[in-house]
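See below for the structure under consideration.
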Amino acid sequence: RAANYLSIGQIYLRSNPLMKEPFTREDVKHRLVGHWGTTPGLNFLIGHINRFIADHGQNTVIIMGPGHGGPAGTSQSYLDGTYTETFPKITKDEAGLQKFFRQFSYPGGIPSHFAPETPGSIHEGGELGYALSHAYGAIMDNPSLFVPAIVGDGEAETGPLATGWQSNKLVNPRTDGIVLPILHLNGYKIANPTILSRISDEELHEFFHGMGYEPYEFVAGFDDEDHMSIHRRFAELWETIWDEICDIKATAQTDNVHRPFYPMLIFRTPKGWTCPKFIDGKKTEGSWRSHQVPLASARDTEAHFEVLKNWLESYKPEELFDKEGRLIPELKALAPEGDSRISANPHANGGKLLRDLRLPDFREYAVDVPSPGAKEGQDMIELGGFIRDIFKLNEKTRNFRIFGPDETMSNRLGKIFEATNRDWNNALKDNDEFLAKDGRVMDSMLSEHMCEGWLEGYLLTGRHGFFASYEAFIRIVDSMAAQHAKWLKVCSQLPWRQSIASLNLILSSNVWQQDHNGFTHQDPGFLDHIANKKDVVRMYLPPDTNCLLSCFDHCIRSRDYVNVLVTSKHPRPQWLTMEQAVKHCTQGVGIWEWASNDQGQEPDVVLV
């Protein structure tokens with residue numbers, strides 16, 4: 001009730017936050033924005049996750065996939081105290097609540113999403129489709145981490161999310177954590193029903209079982225069942241699911257051969273749960289009409305104002321907050337404590353956990369260049385040797401992985417398989433090559449979206465890695481890279497957000513080296529796209545092996561950037577000695593005297 005009230009308050013209220021004074025239309029915001037429909041279900045789930053953490057002490061972060069669940073995330077953070085700790089001006093009293101409400105979706109305030117500004121978030125959800133990829137990336141090499149990943153049923157219709165269910169074949173329950181996918185099945189998108197809500201229970205369960213999950217279903221809110229009865233039923237179901245997860249983790253310690261069927265939860269409630277059932281005679285709770293602001297004219301018409309007033313009063317805020325506007329002690333005591341709180345968990349502020357990689361000296365992998373262009377080499381082959389030894393040096397810490405859509409060998413990084421394997425937790429055959437259940441190369445799934453999403457989740461929880469793909473097909477994740485760049489830009493303005501390892505993208509199979517594939521593989525447009533995110537983006541075009549080694553060493557050490565390296569995998573002339581390459585890369589641009597014929601005059605053409 002408290003979380004729902006705070007969520008509604010963020011959408012509607014500009015003053016009189018606890019309705020202690022006579023409530024008037026002047027207390028309602030002049031412009032009503034935000035989204036209610038998904039929020040009450042999220043509050044229900046997060047409330048129970050908090051109960052679970054408090055009871056079990058489990059290391060837990062959440063992924064909020066529904067795009068417009070921001071009011072729930074901030075409300076829960078306010079209730080557990082982390083919001084005030086992070087933003088001291090939002091005090092735990094009536095004055096603080098008024099500031100809390102006013103800042104929501106307002107210029108100079110906070111967004112309506114579960115954004116970087118919200119403690120506990122590693123996934124904004126503004127662009128739908130990546131909830132599962134971020135969740136599974138977060139649990140890789142985090143065996144104690146539990147990630148309930150809440151997937152909106154509208155989000156479930158996107159391509160990246162639809163393929164994200166397959167991630168359970170590429171994690172190891174012994175060395176990785178556990179993701180619990182929760183399909184938030186409230187029935188509607190913006191103005192249409194959702195596909196998964198309109199198929200039979202049997203078909204829905206068969207679909208998820210075919211994806212390798214053991215589906216559990218919880219249905220609530222469609223009748224007059226007492227709310228405490230609903231809570232008790234859900235808590236019992238959650239404990240059943242948790243027992244199954246514990247069994248999976250225990251079995252994996254001795255039987256790491258058979259892939260388990262992981263539990264997932266189908267959470268079916270009305271959209272806009274607990275809002276007015278009908279407004280102006282039209283169904284609101286349980287329909288698409290509750291998606292955004294159910295009473296958008298609450299300030300303009302007396303009839304709608306009265307509906308809003310009755311709706312707000314139905315949560316009985318006077319029972320939830322004391323006369324100073326502080327949460328009553330009985331409710332405050334329900335939250336987990338310290339870093340166990342979802343909003344305070346260090347994994348949701350991954351820079352707190354980040355440890356430097358142990359790196360070999362890249363100069364030791366230099367190619368000999370007796371004179372410019374005197375010999376040929378393959379830049380990516382030599383880089384593979386450097387990366388191979390990064391794996392070796394960080395074998396114990398297990399905080400480095402590489403990601404790519406089945407292109408590691410094609411991109412000439414084969415030397416890495418001298419130190420590790422591809423990750424594969426599915427059936428194996430005798431003629432498979434470089435597949436293992438503890439492999440650190442995530443290239444066994446042919447989806448650029450998944451590889452990018454896994455890497456982002458891995459970086460956001462405090463680890464290192466890079467994503468290698470063909471230059472033409474990196475375009476598939478244009479918007480993902482842009483969203484991550486936006487995330488980094490916002491975090492740079494939040495002093496409490498700790499630095500994370502950069503998102504490193506290697507673009508090989510270049511536009512000018514596609515004679516065998518042809519026009520389909522020729523598209524250098526990613527650089528055009530990403531260049532306009534100039535605050536956090538750095539682009540490198542190393543002309544030979546020694547320059548690539550120098551650039552990669554710099555990028556893998558860097559923090560808070562999106563680094564793009566455009567490289568070659570084919571034989572080509574080698575130009576610079578390692579000493580010359582380091583100087584050239586440090587300066588970023590240089591004059592190659594041996595390649596110039598201006599002889600002190602103004603040149604006719606400058607090649608950059």
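- Between the side chain of T163 and the backbone N or O of P160 there is no donor-acceptor pair closer than 3.5 Å.
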- Task: Kindly indicate, with the supporting measurements, whether the criterion side-chain contact (heavy atoms from CB on, under 4.5 Å) is fulfilled by M409 and F417.
- Result: CA-CA 9 Å; M409 293 296 284; F417 293 119; 3.4 Å; yes

- What's the verdict on side-chain hydrogen bond (donor to acceptor under 3.5 Å, both in side chains) for Y216 and E244, showing C-alpha distance, side-chain angles and the deciding distance? CA-CA 11 Å; Y216 292 82; E244 184 174 342; 2.3 Å; yes

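- Note that the OG1 atom of T38 and the CG atom of D153 stand 8.0 Å from one another [nearest 0.5 Å].
- The minimum heavy-atom distance linking I390 with N394 is given by the pair O-ND2, 2.8 Å.
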- Please step through side-chain hydrogen bond (donor to acceptor under 3.5 Å, both in side chains) for the pair E155 and H184, ending with a clear verdict. CA-CA 10 Å; E155 178 185 26; H184 188 200; over 6 Å; no

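- Distance alone, capped at 3.5 Å, places no donor-acceptor pair between the N411 side chain and the L413 backbone.
- Under the 4.5 Å side-chain criterion, counting only non-hydrogen atoms from C-beta, I506 is in contact with F552.
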- Query: Could you walk me through whether S509 and H521 pass the side-chain hydrogen bond (donor to acceptor under 3.5 Å, both in side chains) check?
  - Reply: CA-CA 8 Å; S509 292; H521 286 51; over 6 Å; no

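- Between the side chains of S502 and N504, not a single donor N or O lies within less than 3.5 Å of an accepting N or O.
- Using modelled atom types, one side-chain atom of Y213 and one backbone atom of W165 make a donor-acceptor pair closer than 3.5 Å.
- The heavy-atom pair separating S444 from W424 by the smallest distance is CB-CE3, 3.6 Å.
- A distance of 6.0 Å or more separates the ring centres of F114 and H123.
- For the salt bridge (Lys or Arg N to Asp or Glu O under 4.0 Å) with D176, the qualifying choice from R401, K249, K437 is R401, the only one to do so.
- The closest side-chain heavy-atom distance from H68 to H113 is below 4.5 Å.
- The environment of NZ in K489 is sparse: at most 12 heavy-atom neighbours from other residues, nucleotides or ligands sit within 6.0 Å.
- Taking the side chain as every heavy atom from C-beta outward, W454 and S167 approach each other to under 4.5 Å.
- Between P270 and N186, the shortest heavy-atom contact is C-CB, 4.1 Å.
- Looking only at distances, no side-chain donor or acceptor of S290 sits under 3.5 Å from a matching main-chain atom of G286.
- Other residues, nucleotides and ligands place no more than 12 heavy atoms under 6.0 Å from the OH atom of Y561.
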- Task: Mind running side-chain hydrogen bond (donor to acceptor under 3.5 Å, both in side chains) on N399 and D141 for me, showing each step along the way?
- Result: CA-CA 7 Å; N399 61 344; D141 300 316; over 6 Å; no

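- The existence of a salt bridge linking R268 and D201 is confirmed by a sub-4.0 Å separation between a basic side-chain nitrogen and an acidic carboxylate oxygen.
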- Message: Evaluate I11 against V293 for side-chain contact (heavy atoms from CB on, under 4.5 Å), listing each step before the verdict.
- Response: CA-CA 8 Å; I11 296 172; V293 180; 4.0 Å; yes

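- Looking at E239 and R51, a side-chain N of the basic residue comes within less than 4.0 Å of a carboxylate O on the acidic one, giving a salt bridge.
- Using a 4.5 Å cut-off on side-chain heavy atoms (C-beta onward), F526 and V566 make no contact.
- Nearest heavy atom pair, residue I248 against residue P263, reads CD1-CD, 3.8 Å.
- Relative ring orientation between H291 and H35 is described as perpendicular, the plane-to-plane angle rising above 60° on a 0-90° scale split at 30° and 60°.
- Taking the six-membered ring for Trp and the full ring otherwise, the centers of W238 and F218 sit at least 6.0 Å from each other.
- The pair R475-D528 does not meet the salt-bridge criterion, since no charged nitrogen lies less than 4.0 angstrom from a carboxylate oxygen.
- Contact detail for I416 and I402: the closest heavy-atom pair is CD1-CD1, 3.2 Å.
- To the nearest 0.5 Å, the span separating OG1 on T567 from CG on L507 amounts to 7.5 Å.
- Residues L488 and H484 form a side-chain contact, since some pair of their non-hydrogen atoms from C-beta on lies under 4.5 Å apart.
- A salt bridge does not link D438 to R174: none of the charged side-chain nitrogens sits closer than 4.0 Å to a carboxylate oxygen.
- Between V151 and L132 there is a side-chain heavy-atom pair separated by less than 4.5 Å.
- For E202, the CD atom sits in a loose shell: 12 or fewer heavy atoms of surrounding residues, nucleotides or ligands are nearer than 6.0 Å.
- A salt bridge links E157 to K189: at least one charged side-chain nitrogen sits closer than 4.0 Å to a carboxylate oxygen.
- The distance between the ring centers of H48 and F44 falls below 6.0 angstrom.
- Side chain of E407 to main chain of Y470: a donor-acceptor pair is present (N/O by atom type, distance under 3.5 Å, no hydrogens or angles).
- The side-chain contact (heavy atoms from CB on, under 4.5 Å) test applied to R259 returns K169, N426, not counting sequence neighbours.
- When side chains are defined from C-beta on, V171 does not count as touching N425, because their heavy atoms never get closer than 4.5 Å.
- Side-chain contact between W36 and N4 is present, with at least one heavy-atom pair separated by less than 4.5 Å.
- In summary, the side chains of S558 and N563 do present a donor paired with an acceptor at a separation below 3.5 Å, with no hydrogens or angles considered.
- Listed here is the closest heavy atom pair of L494 and P116: CD1-O, 3.6 Å.
- The backbone N or O of M445 sits nowhere less than 3.5 Å from a side-chain atom of S447 that would complete a donor-acceptor pair.
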- Query: Passes side-chain contact (heavy atoms from CB on, under 4.5 Å), I122 versus E456? Steps please.
  - Reply: CA-CA 9 Å; I122 62 169; E456 289 178 3; over 6 Å; no

